[in-house]
There are 2 protein chains.
Amino acid sequence: MDNTQAGNERSIRNLIPLNHPRRDSLLIREKLVEALENNILVPQGLIAHGRGECFDYLIGEKTQDFAENAINAAAATLLLAKYPVISVNGNMAALVAKDIVELSNEVNCKIEINLFYRDEKRVKAIKKALEDAGAKEVLGDDDLTTIPELFSERRKVSKKGIYIADVVLLGLEDGDRTEALVRLNKKVIAIDLNPLSRTSMTASITIVDNITRALPLLVKKVKELRSKDRIELEEIVKNFDNKRNLAEAIKFISRRLEALSEDLIGH
Amino acid sequence: MDNTQAGNERSIRNLIPLNHPRRDSLLIREKLVEALENNILVPQGLIAHGRGECFDYLIGEKTQDFAENAINAAAATLLLAKYPVISVNGNMAALVAKDIVELSNEVNCKIEINLFYRDEKRVKAIKKALEDAGAKEVLGDDDLTTIPELFSERRKVSKKGIYIADVVLLGLEDGDRTEALVRLNKKVIAIDLNPLSRTSMTASITIVDNITRALPLLVKKVKELRSKDRIELEEIVKNFDNKRNLAEAIKFISRRLEALSEDLIGH
């Protein structure tokens, strides 16, 4: 972070009262607006973030049990993987660059930039953000090939990364791409606040949680499970049912809304 | 619309298949990104839009009964008003400038620009968008005074507009402002996709619907109710209970989610 950025962040931090109920959420917004100015984000990324914010609000802006369960299965899957890759887009680079680097160190996995609205200026800005956060190797800007079934710029993947990965971790993704990766027999771990999205429904493991909370918890869980042997890890993965877990997430929101509507008319 | 804009819109329209399930939603997004480039929107407006998109998705991207009921009460309230004003922000100017002008002609009400992130360049751009849509008089750029209780730039209101209005129609608003207007004994009609927001809870009448669907329907309803006399209109307003109607909206979403979660695990 350069001095101007640090200055901006300080001033925004000062503007929002420490006890503001939505302080975290407002600080995240400011980070994203800054990322837009730095070419890391495209405007469409802000709209996608807003949609996520709404679902975060509906799950109570907290990591719930269904997310903890998915994080547990995701950690085991990453530890069992032969060649895991973290697929990074603009929103992830803007919000969790440091956590991405930490996770990649913990499970020895690759980091690859993959963008729906791809342009080389953006790829460079995102690469810089990841390197500033400590990444030693960032894929996605050379040695590319294409995967079938994808009609956006997202089909361009690295021959040393997603192309040969057995497990891909992704966040805030579009449904077409998740489906294409699953069709290629890759295990997909998705972090998505919308339990109803095509990505959520298609992924092997869906963590319905805010990525700024989920990624640090995933790093912690990987450290915890490291002592387990292969059979124990496989047991964890086997016991996780993604559809059932998503149904729990949706039911959780539904019950919360039901209670709110009853409060409103004074039952 | 100038030629470049028309050209952009055509090319985007061509890119998104006619039968794409989320075509309308994607076209609206592109309009907003264009409004960002034209200074009509600030980046935060895109995040707010994303949040709305999520709730639109949850109500089935359709005008539901609870919205129809609120539109009915809103039309009667506007016809009964002595001095109604439409408060316009960037998102509204980007999406529904023509409908705003049509409504203001139908009920003979003022149009006033009122912005959270106010700067004169933005006020000008929004004024131009409204004038291009046919507005003859746009308030909010001169003869301003301030209303108490508001700490953002939103407290600046026109002496010929919101300051003396008995009814204010607003969309996509922050809760603080809605509360301040209600405290000043103004009737507030809010168009807000989030039935849980402070604006929704505080407004006199909340239309939980996408503003691009709700505003044309409101114009239609005003035309329909014009033949009614004062007593009939007052009856319509009296029979509308905002809290109960919001509870219906929340229950609708809750039941939809419950059904979806059951589908998922095959009940």
Side-chain angles (χ1 to χ4, degrees), chain A residues 21-22 25-26 28-30 32-37 41-58 117 151-152 175 193-198 200-201 241-267, chain B residues 15 17 21-22 25-26 28-30 32-37 41-58 117 175 193-198 200-201 241-267:
Chain A
R22 312 209 54 248
S25 168
L26 294 173
I28 288 175
R29 273 194 206 174
E30 296 308 322
L32 290 172
V33 172
E34 194 181 298
L36 181 73
E37 285 156 14
L41 261 198
V42 284
Q44 287 82 349
L46 291 178
I47 299 179
H49 177 78
R51 227 170 41 244
E53 260 190 11
C54 157
F55 281 104
D56 201 10
Y57 177 80
L58 292 174
Y117 297 96
F151 298 99
S152 80
L193 274 159
N194 177 359
L196 306 161
S197 74
R198 253 193 313 147
S200 286
M201 298 286 179
D241 179 336
N242 203 43
K243 285 265 155 74
R244 192 164 288 274
N245 198 55
L246 284 172
E248 285 303 319
I250 300 167
K251 243 188 270 173
F252 176 89
I253 298 173
S254 159
R255 279 193 216 117
R256 254 189 108 223
L257 290 172
E258 187 71 32
L260 281 168
S261 80
E262 280 169 13
D263 281 355
L264 204 59
I265 47 176
H267 281 252
Chain B
L15 267 173
R22 312 210 54 247
S25 167
L26 294 174
I28 288 175
R29 273 194 205 177
E30 296 308 322
L32 290 172
V33 171
E34 194 182 300
L36 182 74
E37 286 156 14
L41 261 198
V42 284
Q44 287 82 350
L46 292 178
I47 299 179
H49 177 77
R51 233 172 30 247
E53 261 190 8
C54 157
F55 281 105
D56 201 11
Y57 178 80
L58 292 174
Y117 296 96
L193 274 159
N194 176 358
L196 305 162
S197 74
R198 251 192 316 146
S200 286
M201 298 287 179
D241 178 337
N242 203 44
K243 285 265 155 73
R244 190 163 289 276
N245 198 56
L246 284 172
E248 284 304 318
I250 300 167
K251 243 188 271 176
F252 176 89
I253 297 173
S254 158
R255 279 193 215 114
R256 252 189 110 224
L257 290 172
E258 187 72 31
L260 281 168
S261 80
E262 281 170 11
D263 281 356
L264 204 59
I265 47 175
H267 283 250

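Letters go in sequence order (proteins before strands), and every chain restarts at 1. Values below: every heavy atom of this structure, side chains too, minus hydrogens, waters and symmetry copies.
Here the shortest heavy-atom pairing between B/Ile265 and A/Arg244 reads CG2-CA, 3.7 Å. Here the shortest heavy-atom pairing between A/Met201 and B/Leu264 reads SD-CD1, 3.4 Å. In terms of heavy atoms, A/Phe55 sits closest to B/Cys54 at CE1-SG, 3.4 Å. Annotation for A/Leu257 and B/Ile250: closest pair O-CG2, 3.2 Å, computed over non-hydrogen atoms.
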Decide yes or no on side chain to side chain contact (heavy atoms under 4.5 Å, CB included) for A/Leu58 and B/Leu58, but give the supporting numbers first. CA-CA 11 Å; A/Leu58 292 174; B/Leu58 292 174; 3.5 Å; yes

Could you walk me through whether A/Lys251 and B/Glu258 pass the side chain to side chain contact (heavy atoms under 4.5 Å, CB included) test, one step at a time? CA-CA 6 Å; A/Lys251 243 188 270 173; B/Glu258 187 72 31; 4.0 Å; yes

Can you check side chain to side chain contact (heavy atoms under 4.5 Å, CB included) on A/Leu32 and B/Leu46, steps first, answer last? CA-CA 11 Å; A/Leu32 290 172; B/Leu46 292 178; over 6 Å; no

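Both the backbone and the side chain of A/Leu196 come within less than 4.5 Å of a heavy atom of chain B. Only the side chain of A/Asn194 has a heavy atom closer than 4.5 Å to any heavy atom of chain B.
Separation of atoms OG (A/Ser254) and CZ (B/Arg256) is listed at 12.0 Å; rounding is to 0.5 Å. Taken to the nearest 0.5 Å, the CG atom of B/Leu36 stands 9.5 Å off from the CD atom of A/Gln44.
With sequence neighbours left out, the salt bridge (Lys or Arg N to Asp or Glu O under 4.0 Å) criterion links A/Arg255 to no other residue. For A/Asn242, the side chain to side chain contact (heavy atoms under 4.5 Å, CB included) test picks out A/Thr206, A/Phe240, A/Leu246, with sequence neighbours left out.
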